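Note that this is a predicted model, so its numbers are computed, not measured.
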Amino acid sequence: MASQKNRKTTSYFGLCTTYHDPALAVVDERGSVLFAEASERYLQYKRGLNCTPDSLARVSELIEDYCPDSSKFVIARNWSKRRPWYEMMWWLCGYYYPSGLSSKRHLKLSTFLPKYQLLHMMASQKHSMAAGGLNLVRMIRESRPDAEIEVVDFNHHLCHAAMACYSSQFDSAGCVIIDSFGDRGSSAFYNYRRGRIERISEISGIESLGFYYMRLTELCGFSWLKGEEWKVMGLAAYGQREEQIVDVLQQMLVVNGLAFQQSKTAIVQGFEHLQQLLGNKQVNKADMAHSGQYFFETVMLQLLRNFSEQIDSRNLVLGGGCLLNSSLNGKIIDNTPFNQIHIPSAPGDDGTALGAAWLAYRNDHDSQVNQRHTLSPYLGSRIKPKTLDNLLQFGDQSIIHHYPDSIAGQTATLLAKGALVGWMQNRAEFGPRALGNRSILADPRDPGMRDKINCRVKFREEFRPFAPSILHDYGPVFFENYQESPYMERTLRFKQDVQDKVPAVVHVDGTGRLQTVKQEWNPQFYALIEAFRQITGIPMILNTSFNVMSKPIVHSVEDAVSVFYTSGLDVLVIGDYLLVKPDLDNE
């Protein structure tokens with residue numbers, strides 16, 4: 001963790017100061033990632049809305065753990081200091097304060113979002129940017145009064161691009177960033193070659209595919225503010241394409257080269273019409289989700305095909321919140337000229353913390369940051385030994401077992417018997433997916449397992465699917481046109497003849513958002529799935545995030561124990577220790 005040499009070094013702190021999904025990353029003077037984590041994990045507050053990435057209680061520990069010898073700190077933030085003219089205008093008009101936000105003067109839609117929502121977003125963003133780094137500077141001064149501190153700001157979409165490009169294995173690639181908004185617009189296009197990222201084009205107006213999907217989320221009855229775009233994708237599989245919906249959407253936004261053309265009139269009238277269709281029960285929300293997802297994929301794939309004509313590389317790296325859409329991601333290779341794609345473990349705004357840190361490093365070093373291997377997503381917090389010791393000392397010893405040499409085999413046996421397992425190992429994942437270190441695991445062979453987990457543990461909607469984590473060597477056996485998916489970032493179609501073998505992880509449309517598992521990426525998780533394969537013949541397990549609905553993935557031992565004892569989990573595994581509830585332990 002800490003350097004053993006008694007020498008002075010430079011540490012690079014990257015901060016995501018976006019009003020949602022704040023995050024913090026630490027990079028050393030060699031460009032290696034020491035730490036990266038979304039603040040929601042530590043705060044246990046979903047999305048960390050309007051919270052700073054550098055909480056006072058947190059940063060002192062991070063400085064001590066990861067920068068014990070540093071005499072210089074570079075703090076890199078993920079938004080440009082110079083702001084667009086319209087942000088200043090709205091601030092001068094008072095719209096960034098409660099009295100201005102409540103004004104009746106801005107009810108008309110200016111884009112896919114109602115203007116009051118857009119202004120609230122901009123106001124929150126302004127305050128978040130102003131506060132980002134204040135706590136970190138104070139605590140550096142507290143512990144290192146003589147340290148040099150430098151603060152640098154980078155373009156938001158460039159931070160996304162750095163995260164995507166530098167975490168890839170490619171020496172050259174095209175890079176596309178699509179989200180709701182950045183410093184000057186919603187999207188940007190880059191050429192990446194030998195560590196250098198050069199912008200080709202950007203969408204600099206109010207046109208935004210991210211805003212579109214946010215509005216679609218609300219239309220389907222969910223909240224984009226709570227990050228419920230996931231639910232649209234899950235619900236879409238239960239619907240069918242309604243051409244009357246698609247026709248309305250096509251009037252709102254069209255692709256023109258590497259840009260969008262957007263009609264305000266069509267947006268206002270179109271969403272009113274779509275709301276009427278739902279209200280009159282002429283269409284249902286599942287059909288709305290399916291048709292809206294279809295339109296999103298059509299626009300994105302056309303945009304990527306247009307981009308492919310402007311670059312030589314057939315490698316593609318992607319970032320931005322819109323690339324959390326796993327249904328789209330699984331279709332890119334089959335529907336564009338690109339041969340390989342890379343989407344990082346944290347393509348959303350939390351990932352820009354690491355992108356900013358890497359950009360700051362590149363400012364000081366001409367050496368290439370590119371990892372040249374799959375970047376480990378296990379960059380977050382470790383299990384604290386003291387907290388685990390407290391559990392062992394004060395917990396119910398009769399149901400705590402220690403298996404230092406056989407935890408994978410013991411857990412696999414319980415999974416094969418139908419147990420619901422909370423699994424907590426080593427370092428937490430960076431990004432929104434549980435990738436085998438903060439996971440709830442189950443047997444994918446049981447057709448009733450999905451309902452069992454939703455009712456007993458997750459307490460969420462029945463239409464939402466669960467993911468298969470599969471050993472890489474068996475990927476082609478179970479999936480059509482198998483692609484490696486190290487971060488659970490793409491959805492692929494199961495082969496017809498294997499679907500009845502693992503019904504708990506096959507969505508209603510025959511797909512699964514898979515995680516590829518290799519021994520070199522995660523030895524303990526690999527060993528668990530391999531042990532399960534030896535028992536059952538099935539080289540995959542059901543994997544979902546270790547949380548309950550509306551809460552972040554567990555951060556600490558205390559969080560894990562809380563979920564264990566307030567839900568229907570049967571088993572909790574923390575490191576080599578296995579906790580079993582009394583009813584199961586007596587079987």
Give a yes or no on whether the ring-centroid distance for Trp358 and Phe13 is below 6.0 angstrom. no
Apply side chain to side chain contact (heavy atoms under 4.5 Å, CB included) to the pair Asn135 and Thr52, showing each step before the final yes or no. CA-CA 9 Å; Asn135 292 333; Thr52 60; 3.7 Å; yes
Crowded around Met549 CE? As in, over 12 foreign heavy atoms under 6.0 Å? yes
Around atom CZ of Arg196, are there more than 12 heavy atoms from other residues, nucleotides or ligands closer than 6.0 Å? no
Apply side chain to side chain contact (heavy atoms under 4.5 Å, CB included) to the pair Val26 and Cys67, showing each step before the final yes or no. CA-CA 9 Å; Val26 184; Cys67 318; 4.1 Å; yes
Are the side chains of [Y] and [X] in contact, using a 4.5 Å heavy-atom criterion?
X: Asp179; Y: His160; result: yes
X: Thr18; Y: His156; result: yes
X: Trp91; Y: Tyr97; result: yes
X: Val563; Y: Lys551; result: no
X: Asn155; Y: Ser80; result: yes
X: Asn329; Y: Leu324; result: no
X: Ser11; Y: Asp28; result: no
X: Glu64; Y: Met139; result: no

For residues [X] and [Y], is any side-chain donor paired with an opposing acceptor at under 3.5 Å?
X: Thr374; Y: Gln169; answer: yes
X: Ser562; Y: Asp559; answer: no
X: Ser71; Y: Asp146; answer: no
X: Asn325; Y: Ser327; answer: no
X: Glu229; Y: Trp224; answer: no
X: Lys458; Y: Asn547; answer: yes

Checking the side chain of [X] only, and the main-chain atoms of [Y] only, is there a donor and an acceptor separated by less than 3.5 Å?
X: Glu37; Y: Ser381; result: yes
X: Arg47; Y: His20; result: no
X: Glu228; Y: Leu225; result: no
X: Glu150; Y: Val74; result: no
X: Asn543; Y: Ala434; result: yes
X: Ser208; Y: Gly210; result: yes
X: Tyr403; Y: Leu578; result: no
X: Tyr378; Y: Leu435; result: yes
X: Ser70; Y: Lys72; result: no
X: Trp423; Y: Asn437; result: no

Nearest-0.5 Å distance that lies between atom [atom1] in [X] and atom [atom2] in [Y]:
X: Asp54; Y: Leu136; atom1: CG; atom2: CG; answer: 5.5 Å
X: Leu572; Y: Ile574; atom1: CG; atom2: CD1; answer: 4.0 Å
X: Phe525; Y: Lys518; atom1: CZ; atom2: NZ; answer: 15.5 Å
X: Glu558; Y: Lys384; atom1: CD; atom2: NZ; answer: 8.0 Å
X: Cys165; Y: Asn315; atom1: SG; atom2: CG; answer: 10.5 Å
X: Thr544; Y: Ile440; atom1: OG1; atom2: CD1; answer: 6.0 Å

Checking His120, His127, Met121 against Ser124 for side chain to side chain contact (heavy atoms under 4.5 Å, CB included), the one that qualifies is His120
Out of the candidates Leu323, Ile203, Leu328, only one should pair with Ile178 under the side chain to side chain contact (heavy atoms under 4.5 Å, CB included) rule; please name it. Leu323
Non-neighbouring partners of Ser376 that pass side chain to side chain donor-acceptor pair (under 3.5 Å), sequence neighbours left out: none
Is it true that [X] and [Y] have a side-chain N and a carboxylate O under 4.0 angstrom from each other?
X: Arg433; Y: Glu429; result: no
X: Glu461; Y: Lys231; result: yes
X: Glu484; Y: Arg490; result: no

Of Arg199, Arg83, Arg77, Lys81, the one forming a salt bridge (Lys or Arg N to Asp or Glu O under 4.0 Å) with Asp183 is Arg83
Search all heavy atoms of [X] against all heavy atoms of [Y] and return the closest pair with its distance.
X: Met424; Y: Ala560; answer: SD-CB, 3.7 Å
X: Ser345; Y: Pro377; answer: CB-CB, 3.9 Å
X: Gly234; Y: Pro465; answer: CA-CD, 4.1 Å
X: Gly185; Y: His157; answer: O-CE1, 3.1 Å
X: Leu318; Y: Ala164; answer: O-CB, 3.6 Å

Using the ring-ring contact (aromatic ring centres under 6.0 Å, His included) rule, pick out the option among Phe211, Tyr212, Phe181 that qualifies with Phe112. Tyr212
Show your reasoning for whether side chain to side chain contact (heavy atoms under 4.5 Å, CB included) applies to Ile400 and Tyr577. CA-CA 7 Å; Ile400 300 177; Tyr577 291 90; 4.1 Å; yes
List the steps and the verdict of side chain to side chain contact (heavy atoms under 4.5 Å, CB included) for Ser550 and Lys46. CA-CA 7 Å; Ser550 301; Lys46 190 70 174 177; 5.9 Å; no
Mutual orientation of the aromatic rings belonging to Tyr487 and His342 [parallel < 30°, tilted 30-60°, perpendicular > 60°]: perpendicular
